[in-house]
Protein chains: 2
Amino acid sequence: MEKQGRLSLFRSEPFFFIQNVIDNITSQVGARENVNELKDIKADSTISDVAKAARVSVATVSRVLNGSGAVSAKTRLRVEEAIRELSFMPNASAKSLRALRTMTIGVIVSDILVSYYAEIIKGIENTANALHYKIIICDAQNQKEKESDYMTLVMNRTVDGIILITPKLTDAELAAYAEKGYAIGLIGRSIDHPLIPCVYTDNVGAAQEAVSHLTIQGHERLAFLSGFADATDSYERLEGYMKALRLAGLPFVPELIENGGFSENGGYDAFHRLMDKGHPFTAVFAANDEMALGIYRACSERGLSIPEDMAVIGVDNNRVSKYITPTLSTVDQPKYSMGALLAEKLIDQLGGNQYADRRSFQVGSKLLVRQSSLFEVKRNRLQQPSSD
Amino acid sequence: MEKQGRLSLFRSEPFFFIQNVIDNITSQVGARENVNELKDIKADSTISDVAKAARVSVATVSRVLNGSGAVSAKTRLRVEEAIRELSFMPNASAKSLRALRTMTIGVIVSDILVSYYAEIIKGIENTANALHYKIIICDAQNQKEKESDYMTLVMNRTVDGIILITPKLTDAELAAYAEKGYAIGLIGRSIDHPLIPCVYTDNVGAAQEAVSHLTIQGHERLAFLSGFADATDSYERLEGYMKALRLAGLPFVPELIENGGFSENGGYDAFHRLMDKGHPFTAVFAANDEMALGIYRACSERGLSIPEDMAVIGVDNNRVSKYITPTLSTVDQPKYSMGALLAEKLIDQLGGNQYADRRSFQVGSKLLVRQSSLFEVKRNRLQQPSSD
DNA sequence: AGCAATGCTGAAAACGATTACAGTTCCCTT
DNA sequence: AAGGGAACTGTAATCGTTTTCAGCATTGCT
């Protein structure tokens with residue numbers, strides 16, 4: 001159903017073959033003639049250039065720049081004129097070296113593309129920016145090793161602190177960084193450490209609420225799709241799932257647990273594996289929406305209707321979940337605010353507020369009940385997304 | 001249909017009220033007792049600490065660190081031991097100050113949340129990282145002024161160069177930066193300047209192909225939803241739309257053009273405005289998928305079936321477009337590769353390759369024909385997304 | 001043995017800002 | 001007019017690296 005356009009190469013794997021890419025996806029557009037007179041274009045002037053131009057010392061220029069110390073109106077004007085004239089901007093590296101801080105924080109995520117992370121990042125960026133901080137984005141590509149690699153940023157003082165979103169590093173490793181004096185903060189994960197601020201949701205409770213919503217509707221055999229085996233949030237959701245079963249007086253069937261690696265394809269495969277085990281079930285709780293999308297596809301292949309034959313609930317409130325048919329029930333978190341809050345806390349700590357009264361914040365999530373988990377669902381109509 | 005959970009505050013506006021956020025979304029979790037023995041935790045040691053420990057000069061340590069110059073095996077071992085012992089890491093600011101470069105590039109986007117940008121960013125980050133560069137993300141929040149603000153990053157040497165994705169700055173402004181000696185690159189926009197590398201798609205051609213696809217199917221009155229008035233890509237898509245009309249011998253009706261600001265709600269409003277003008281039409285080409293989603297909602301409200309009553313085509317291949325019912329026809333671009341390619345080119349230029357043979361790269365896009373633009377559409381079934 | 005070449009090492013000068021300290025000017029009292 | 005204090009300004013140290021230059025020791029060669 002997809003008509004091929006003019007070009008064949010599209011992204012599918014990581015980028016390893018730069019020349020390849022160039023050769024494949026581009027068509028040269030007028031190789032511009034070279035220009036030679038750019039050597040002498042000098043963008044920067046230093047503070048001493050300004051001092052010279054204004055016939056004052058560098059100290060005075062610095063005072064004008066930072067509004068520190070007293071400077072006579074006459075001198076100030078001359079300096080400001082010189083600054084404008086030379087379009088001078090103080091060198092950030094020099095400033096950082098002297099101040100021993102960079103006004104930058106790093107943000108480590110496992111995949112920028114996942115909208116869950118993107119929204120948190122937005123919250124972090126906006127807040128950080130308002131507080132005059134910049135953020136360096138680190139895509140760990142789901143690899144724990146890359147996470148560790150990126151930690152060097154705080155160790156070599158490229159950044160003043162690092163925010164990790166649902167990291168793979170262990171509690172012990174994280175604690176070690178903090179105790180060495182590196183400022184780190186956590187989002188979507190809690191840790192009991194006096195130096196590490198964190199913002200997280202009650203995964204257990206949320207999962208329990210979601211699964212209870214299913215049992216209340218009469219489901220007695222419910223499957224669970226976990227994410228990565230080493231992901232705390234996935235584990236906590238499993239815990240909530242088990243709690244809900246217990247609460248409903250239902251038995252825990254280990255065969256009804258499968259691992260889907262948080263990805264759509266993973267969810268798709270895992271669901272098929274579940275179905276083939278010979279332990280029938282009528283509802284499935286997926287540790288995130290991506291896997292739920294995979295379930296949709298698998299159900300479609302097996303001729304199962306959602307929610308009549310199979311109820312589905314995910315987590316994350318992925319953008320797609322609201323638009324797909326049937327709309328997907330899911331657990332939503334205030335992602336933007338979570339990012340904003342942690343950024344504010346971490347920067348506060350960087351500012352020397354070492355003894356904040358609290359470092360650990362649990363924020364609420366909410367279950368969005370949509371069509372995929374309700375028995376009576378209006379279907380066969382163009383979906384009109386609700387406006388949450 | 002959305003059940004309210006425990007908490008009410010969810011992100012809707014920019015973040016301005018930090019204390020507010022805290023008070024609203026959090027519940028305190030065990031205010032940890034303060035710790036006092038952290039003053040003496042010293043994370044960093046300097047190169048001279050290492051030198052002292054190894055009983056050599058700082059110059060020698062530097063040589064060991066960078067593999068420059070000759071160092072005797074015996075000394076090298078001693079230095080390496082000292083480095084390990086002190087877990088020394090060279091200070092990035094000092095390095096940058098000395099080297100006059102930061103190994104960092106800035107990336108300015110108008111909204112991180114838009115998946116189009118996120119995917120480009122991923123391409124940039126992965127490539128930059130492979131080349132030992134870091135990226136600073138700048139969310140301009142659709143404001144031209146913020147774009148300019150972020151340009152200070154390259155002027156004060158926080159970053160070595162800046163990549164702008166479909167910026168609002170004018171060609172003249174961009175050229176001015178480049179001519180002052182600041183390294184900038186463009187994605188999703190072309191500029192005819194010898195110093196500015198850019199990677200872009202043929203918006204005109206792609207739009208023309210999309211609209212022609214509609215006219216070929218017999219549509220004679222087609223509307224166009226533009227994005228921002230000042231966005232080049234939106235303008236180019238309008239151009240393609242007009243070309244396609246001309247090609248099909250159809251009249252251009254100015255009343256059938258509306259501005260939707262690239263957002264879902266904007267598209268929704270714009271579509272309603274179009275419908276109320278009294279100039280009937282049977283198909284609409286939206287300058288991006290977000291607006292197309294708004295059109296879906298508006299159509300649903302007006303009882304219009306897609307594609308029977310109204311054919312719709314968008315641009316961007318938003319994640320949702322594949323999952324919504326009916327699936328949305330759209331124009332796809334190799335976003336990841338575009339980011340990767342430009343990052344590689346810009347960094348190449350930073351490396352001193354001032355006279356690259358080409359700086360301007362046009363990459364192909366492809367029209368994905370899905371259900372929303374086809375007359376005979378299978379509907380009323382659970383959608384099974386195709387696997388593009 | 002004398003000398004050049006080589007290998008290794010250290011001292012010191014950058015890089016571009018901030019800031020403590022000291023020195024100068026100016027104005028106001030007495 | 002002298003003295004004191006405030007206001008202003010400059011000198012120089014400092015942040016932590018890299019790198020040039022020179023010095024010393026060792027080696028190899030004649």
Side-chain angles (χ1 to χ4, degrees), chain A residues 42-80 82-83 86-104 132 152-160, chain B residues 42-80 82-83 86-104 132 152-160:
Chain A
K42 180 83 162 60
D44 334 67
S45 41
T46 73
I47 197 173
S48 69
D49 294 335
V50 175
K52 218 165 295 169
R55 303 187 313 282
V56 295
S57 73
V58 292
T60 301
V61 178
S62 177
R63 277 187 278 259
V64 171
L65 285 171
N66 301 300
S68 58
V71 177
S72 77
K74 207 180 336 165
T75 319
R76 157 164 290 116
L77 246 54
R78 248 197 1 262
V79 172
E80 283 168 347
I83 289 174
L86 299 170
S87 55
F88 164 77
M89 301 217 72
N91 180 295
S93 299
K95 247 179 136 113
S96 294
L97 174 58
R98 179 65 222 228
L100 299 180
R101 58 191 186 141
T102 59
M103 301 302 283
T104 307
H132 306 108
T152 59
L153 289 182
V154 70
M155 300 198 274
N156 70 16
R157 300 298 167 191
T158 297
V159 300
D160 297 338
Chain B
K42 180 79 161 58
D44 334 66
S45 41
T46 72
I47 198 173
S48 68
D49 294 334
V50 175
K52 218 166 296 170
R55 303 188 314 281
V56 296
S57 72
V58 293
T60 301
V61 178
S62 177
R63 277 187 278 259
V64 171
L65 285 171
N66 303 299
S68 58
V71 177
S72 77
K74 207 180 336 168
T75 320
R76 156 164 292 118
L77 246 52
R78 248 196 2 262
V79 172
E80 282 168 348
I83 290 174
L86 299 170
S87 54
F88 163 77
M89 299 218 73
N91 181 293
S93 298
K95 248 180 134 113
S96 294
L97 174 58
R98 177 66 221 221
L100 299 180
R101 60 191 184 140
T102 60
M103 302 301 283
T104 306
H132 307 108
T152 60
L153 288 182
V154 70
M155 300 197 274
N156 70 16
R157 300 298 167 190
T158 296
V159 299
D160 296 338

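Below, chains carry the letters A, B, ... as their sequence lines are ordered, and counting in each starts from 1. Heavy-atom basis, side chains included; hydrogens, waters and symmetry copies ignored.
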Measuring to OP1 and OP2 of [N], would you say a side-chain N or O of [X] lies under 4.0 angstrom away?
X       : N      : answer
A:Ser93 : C:dA17 : no
B:Lys95 : D:dT18 : yes
B:Asn91 : D:dC15 : no
A:Thr46 : C:dG16 : no
A:Thr60 : D:dG10 : yes

Rounded to whole angstrom units, what separation is found between the [atom1] atom of [X] and the [atom2] atom of [N]?
X        : N      : atom1 : atom2 : value
B:Ile83  : D:dT17 : CD1   : C1'   : 13 Å
B:Lys74  : C:dG7  : NZ    : P     : 17 Å
B:Arg78  : C:dC8  : CZ    : C1'   : 12 Å
B:Asn156 : C:dG16 : CG    : P     : 14 Å
A:Met155 : D:dG16 : CE    : P     : 18 Å
A:Arg63  : D:dG10 : CZ    : P     : 8 Å
B:Arg157 : C:dG16 : CZ    : P     : 11 Å
B:Arg101 : C:dG16 : CZ    : P     : 15 Å

Return the nearest nucleotide to the side chain of [X]; candidates are [options].
X       : options                : result
A:Ala70 : C:dG7, D:dA7, D:dT18   : D:dA7
B:Ser62 : D:dT19, C:dT18, D:dG10 : D:dT19
A:Ser57 : C:dG7, D:dC15, D:dT11  : D:dT11
A:Ile47 : C:dT9, C:dA17, C:dT19  : C:dA17
B:Ala94 : D:dT18, D:dC8, D:dT17  : D:dT17

Q) For DNA chain C, whose closest nucleotide is more 5', that of B:Gly69 or that of B:Leu97? A) B:Gly69
Q.
Here's a test of your reading of the structure: between B:Ala59 and A:Phe88, which maps to the more 5' nucleotide of DNA chain C?
A.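 Of the two residues, B:Ala59 wins.
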Q) Touch check for A:Leu100, heavy atoms < 4.0 angstrom, all strands: base, sugar-phosphate only, or nothing? A) sugar-phosphate
Q. Is there a donor on the side chain of A:Arg98 or the base of D:dG16 sitting less than 3.5 Å from an acceptor on the other?
A. no
Q. Closer to the 5' end of DNA chain D via nearest nucleotide, is it B:Met89 or A:Arg55?
A.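 Taking each residue's closest nucleotide, the earlier one in sequence belongs to A:Arg55.
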Q) Are the side chains of A:Val58 and A:Thr46 in touch, meaning some heavy atoms are under 4.5 Å apart? A)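 Contact flag for A:Val58/A:Thr46 side chains = no.
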**Q.** Residue pair A:Val56 / A:Val61, side-chain heavy-atom distance below 4.5 Å
**A.** yes
Q: Please lay out, stage by stage, how B:Leu86 and B:Lys52 fare under the test side-chain contact (heavy atoms from CB on, under 4.5 Å).
A: CA-CA 11 Å; B:Leu86 299 170; B:Lys52 218 166 296 170; over 6 Å; no
Q: Specify the closest pair of heavy atoms between B:Ser57 and B:Ala51, including all atoms of both residues, with the distance to one decimal.
A: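 Scanning both residues completely, I find the closest heavy atoms to be C-CB, 3.7 Å.
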Q: Evaluate the criterion side-chain contact (heavy atoms from CB on, under 4.5 Å) for residue pair B:Leu97 and A:Arg98; output intermediate values, then yes/no.
A: CA-CA 10 Å; B:Leu97 174 58; A:Arg98 179 65 222 228; over 6 Å; no
Q. Side chain to side chain contact (heavy atoms under 4.5 Å, CB included) with A:Val64: which of A:Val71, A:Val50, A:Leu77?
A. A:Val71
